[in-house]
S.K.: 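Submitted below is the structure of interest, expressed as structure tokens.
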Amino acid sequence: MFKGHKKNSSQQEPLTQARVLEVLKQVKGPQKQGNIVDLGLVKDLLITDNKVIFSIEVPQELAPQLEGMRAAAEKVVSVLPGAGQVLVALTAQAQKGQSPVKPPMPSKPKAAAPAAPRQSKDALAIPGVRHIIAVASGKGGVGKSTTSVNMALALSAQGLKVGILDADIYGPSLPKLMGVSGSPTVGENNIINPHEAHGIKLMSIGFLVDDSAAMIWRGPMITSALNQMLREVAWGELDVLIIDMPPGTGDVQLTMAQRVPLSGAIVVSTPQDLALIDARRAIAMFEKTGIKILGVVENMSHFVCPSCGERHDIFATGGAKEEADKQAVPFLGEVPLSMKLREYSDAGTPVLVANPKAPEAVSYNAIARQLQPMLAMSKDQLARPAPKIIFE
Ligand code: ADP
């Protein structure tokens, strides 16, 4: 994540952007010519509560070699009077032809996704992490985070080593859902040790900054924060790292789809028509970036009356399955609308932990079992498109 020095900065003159930029001129550019300020590489400079936050935009291919430059920038700022914590991130310059585009909504299966910003070649793998899977939704509130957490626990119960990265910068829910809070410790080379709960490694922006700080970040800041949460965390050996994506299909999501070495994506939807339109958009976004849709989960599918045990299809249940069939992507399973599920989540003890035999837990276990054969494949095998039969 953002690496940083913390110092006592009380009774100092407030630090100004001009002062920060002035000292940053001491830092040479990536090619050792010019300085990072005059080269226009310093972006998103923000000074808030003594924290100085900025990113340095660099060519993607040079990024792995530029940690020294990042550290130098951090150092020159951190010694300034009035600077508390200094958070510096490297961000990759957008390449020509990679500007985010809004995916159109397909109405029926297509033979092939049109040429579009594909997953970037420099989406370097994370050593030790076998698969990275995005859990996404077309809009917020459909149960994406609840699904990510319980699916992760189900996979873990089935013997896999699992981590979760909560990438929902504007509404991180992992700390609450897993009942974990506080800053993680920082190990050698400033690498963050993720929290661990119920056998799952956890990382969330909610562990690092308070909500108000993240709320004012703009797109590139978010992208660089996520990149660091992904790459500068000691994930260790994992069979799967689940990324709980920010809801929606905006630029941040698209950039992540392009730059994170994803093995595939899971789209969560509720069964109503409106949610399905959003889910379709999410599926389209991943397909355009060449990322395989591992499946669709229907959340809040039906309601089982706690007193009479009868099933009620409150919404038009089965909508997500129909949509998955229409889009020719797998349907992974359905999770009932359940007050218990929400209560467990609110208490920070997910249903898989609190009551692994509950019907809701059974649903997540079934979804995890559907995923298992896919996760047993290598990333390359998984990425290979299955043959599609197209009816016009
Ligand atoms: P998202 O990540 O899509 O924004 P969350 O997982 O945070 O959604 O869920 C939103 C709210 O809905 C939370 O209060 C959560 O407890 C509740 N919720 C999620 N899934 C279910 C479900 N199957 N039954 C009942 N409540 C649910």
Side-chain angles (χ1 to χ4, degrees), residues 133-154 164-180 200 202-206 211 214-215 226 242-250 252-253 256 265-272 274-283 285 295-306 311-321 331-356 358-368:
I133 288 183
V135 177
S137 65
K139 64 168 185 179
V142 299
K144 172 183 51 56
S145 301
T146 310
T147 305
S148 301
V149 161
N150 284 294
M151 204 169 62
L153 286 159
I164 308 177
L165 167 56
D166 175 8
D168 195 347
I169 294 274
Y170 290 137
S173 47
L174 192 66
K176 184 173 156 217
L177 284 174
M178 290 294 261
V180 179
I200 311 275
L202 308 171
M203 190 63 210
S204 168
I205 196 76
D211 294 354
M215 286 305 284
L226 292 175
I242 289 175
I243 301 193
D244 182 6
M245 294 277 282
T249 49
V252 169
Q253 291 82 346
M256 284 188 76
I266 292 170
V267 174
V268 180
S269 180
T270 56
Q272 306 95 313
L274 280 178
L276 290 167
I277 292 172
D278 292 313
R280 202 177 300 159
R281 218 177 256 132
I283 292 172
M285 178 185 78
V296 172
V297 171
E298 181 169 291
N299 189 35
M300 308 189 202
S301 168
H302 55 271
F303 178 65
V304 180
C305 172
R311 173 180 169 138
H312 300 274
D313 293 340
I314 300 176
F315 310 122
T317 197
K321 170 147 183 28
F331 180 66
L332 294 175
E334 54 182 36
V335 179
L337 176 73
S338 150
M339 283 180 296
K340 274 262 157 56
L341 199 52
R342 192 178 46 74
E343 283 163 19
Y344 286 133
S345 297
D346 286 351
T349 323
V351 65
L352 261 285
V353 176
N355 187 359
E360 298 85 355
V362 171
S363 299
Y364 290 116
N365 280 323
I367 291 168

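Each ligand, and each atom within it, is numbered from 1 in the order the structure gives.
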S.K.: Examine Ser145 against ligand 1 and note whether any of their N/O atoms are separated by less than 3.5 Å.
M.R.: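 Yes, at least one N or O pair falls under 3.5 Å.
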
S.K.: In Å and rounded to the nearest 0.5 Å, what is the CG to CG distance from Leu352 to Asn150?
M.R.: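 Leu352 CG to Asn150 CG: 5.0 Å, rounded to 0.5 Å.
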
S.K.: When the side chains of residues 172-180 are checked against the rest of the protein, which donor-acceptor pairs come out under 3.5 Å, sequence neighbours left out?
M.R.:
{"from": "Ser173", "atom 1": "OG", "to": "Ser145", "atom 2": "OG", "distance (Å)": "3.0"}
{"from": "Lys176", "atom 1": "NZ", "to": "Asp346", "atom 2": "OD1", "distance (Å)": "3.4"}

S.K.: Quick check: closest heavy atoms across Ser137 and Val142, and the distance to 0.1 Å?
M.R.: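 Nearest pair, atom of Ser137 first, then Val142: CB-CG2, 3.4 Å.
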
S.K.: Looking at side-chain heavy atoms only, is the closest gap between Thr146 and Tyr364 below 4.5 Å?
M.R.: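 In contact.
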
S.K.: Select one of side chain, backbone, both or neither to describe which atoms of Pro247 lie under 4.0 Å from any atom of ligand 1, heavy atoms only.
M.R.: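 For Pro247, no heavy atom sits under 4.0 Å from ligand 1.
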
S.K.: Is it the case that the side chain of Glu298 and the backbone of Pro271 share a donor-acceptor pair, with hydrogens and angles ignored and the cut-off at 3.5 Å?
M.R.: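 Absent.
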
S.K.: For Pro247 and Gln253, work out which heavy atoms get closest and say how close.
M.R.: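 What the structure gives for the nearest pair is O-NE2, 2.6 Å.
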
S.K.: Verify, without hydrogens or angle tests, whether Glu360 (side chain) and Pro336 (backbone) share a donor-acceptor contact under 3.5 angstrom.
M.R.: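 No, because the side chain of Glu360 does not come within donor-acceptor range (under 3.5 Å) of the backbone of Pro336.
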
S.K.: So is there a nitrogen or oxygen of Val335 less than 3.5 Å from a nitrogen or oxygen in ligand 1?
M.R.: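 Looking only at distances, the answer is no, because the N/O contact criterion of under 3.5 Å is not met.
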
S.K.: Provide, to 0.1 Å, the distance between atom 8 (O) of ligand 1 and the closest protein heavy atom, together with that atom's residue and name.
M.R.: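 Atom 8 (O) of ligand 1 sits closest to the protein heavy atom Gly143 N, 3.0 Å.
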
S.K.: Please confirm whether Gly141 approaches ligand 1 to less than 4.0 Å, judged on its heavy atoms.
M.R.: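 Within the 4.0 Å threshold, so yes.
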
S.K.: Are any of the N or O atoms of Leu341 closer than 3.5 Å to those of ligand 1?
M.R.: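 Checking ligand 1 against Leu341, no N or O pair falls under 3.5 Å apart.
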
S.K.: Counting from 1, what ligand 1 atoms have a heavy atom of Pro336 closer than 4.0 Å?
M.R.: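 Atoms satisfying the 4.0 Å criterion: 22 (C), 23 (N), 24 (N).
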
S.K.: Can you find an N or O of Val142 that's nearer than 3.5 Å to an N or O of ligand 1?
M.R.: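 Yes; at least one N/O pair falls below 3.5 Å.
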
S.K.: Do any nitrogen or oxygen atoms of Ser338 lie less than 3.5 angstrom from nitrogen or oxygen atoms of ligand 1?
M.R.: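 N/O-N/O distance under 3.5 Å: yes.
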
S.K.: One residue to check: Asn299. Relative to ligand 1, which of side chain, backbone, both or neither has a non-hydrogen atom less than 4.0 Å away?
M.R.: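 Looking at Asn299 and ligand 1, just side chain atoms fall under 4.0 Å.
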
S.K.: What's the shortest distance from atom 27 (C) of ligand 1 to any protein heavy atom, and which residue and atom give it?
M.R.: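 For this ligand atom, the closest protein heavy atom is Met300 CE, 3.9 Å.
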
S.K.: Just by distance, do the side chain of Lys144 and the backbone of Met245 share a donor-acceptor pair under 3.5 Å?
M.R.: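 Checked: pair present.
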
S.K.: State the atoms of ligand 1, each with its element, that fall below the 4.0 Å cut-off from a heavy-atom position in Arg342.
M.R.: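 Here the atoms of ligand 1 in question are 14 (O), 16 (O), 26 (N).
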
S.K.: Does atom 13 (C) of ligand 1 have a protein non-hydrogen atom under 4.0 Å from it?
M.R.: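 Answer no: nothing from the protein, no heavy atom, is under 4.0 Å.
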
S.K.: Looking at Ala361, is its backbone amide N or carbonyl O close enough to the side chain of Asn365 to form a donor-acceptor pair, meaning the two atoms are under 3.5 Å apart?
M.R.: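 Yes.
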
S.K.: With respect to Lys144, determine whether any N or O atom, backbone or side chain, lies less than 3.5 Å from an N or O atom of ligand 1.
M.R.: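 Yes, since at least one N or O of Lys144 sits under 3.5 Å from an N or O of ligand 1.
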
S.K.: Under 4.0 Å and counting heavy atoms only, is there anything from the protein next to atom 21 (C) of ligand 1?
M.R.: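 Yes, at least one protein heavy atom sits under 4.0 Å from atom 21 (C) of ligand 1.
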
S.K.: Do you know which two heavy atoms are closest between Ser301 and Glu334, and how far apart they sit?
M.R.: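 Smallest heavy-atom distance, with atoms named: OG-OE1, 3.3 Å.
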
S.K.: Select one of side chain, backbone, both or neither to describe which atoms of Thr146 lie under 4.0 Å from any atom of ligand 1, heavy atoms only.
M.R.: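 Both backbone and side chain.
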
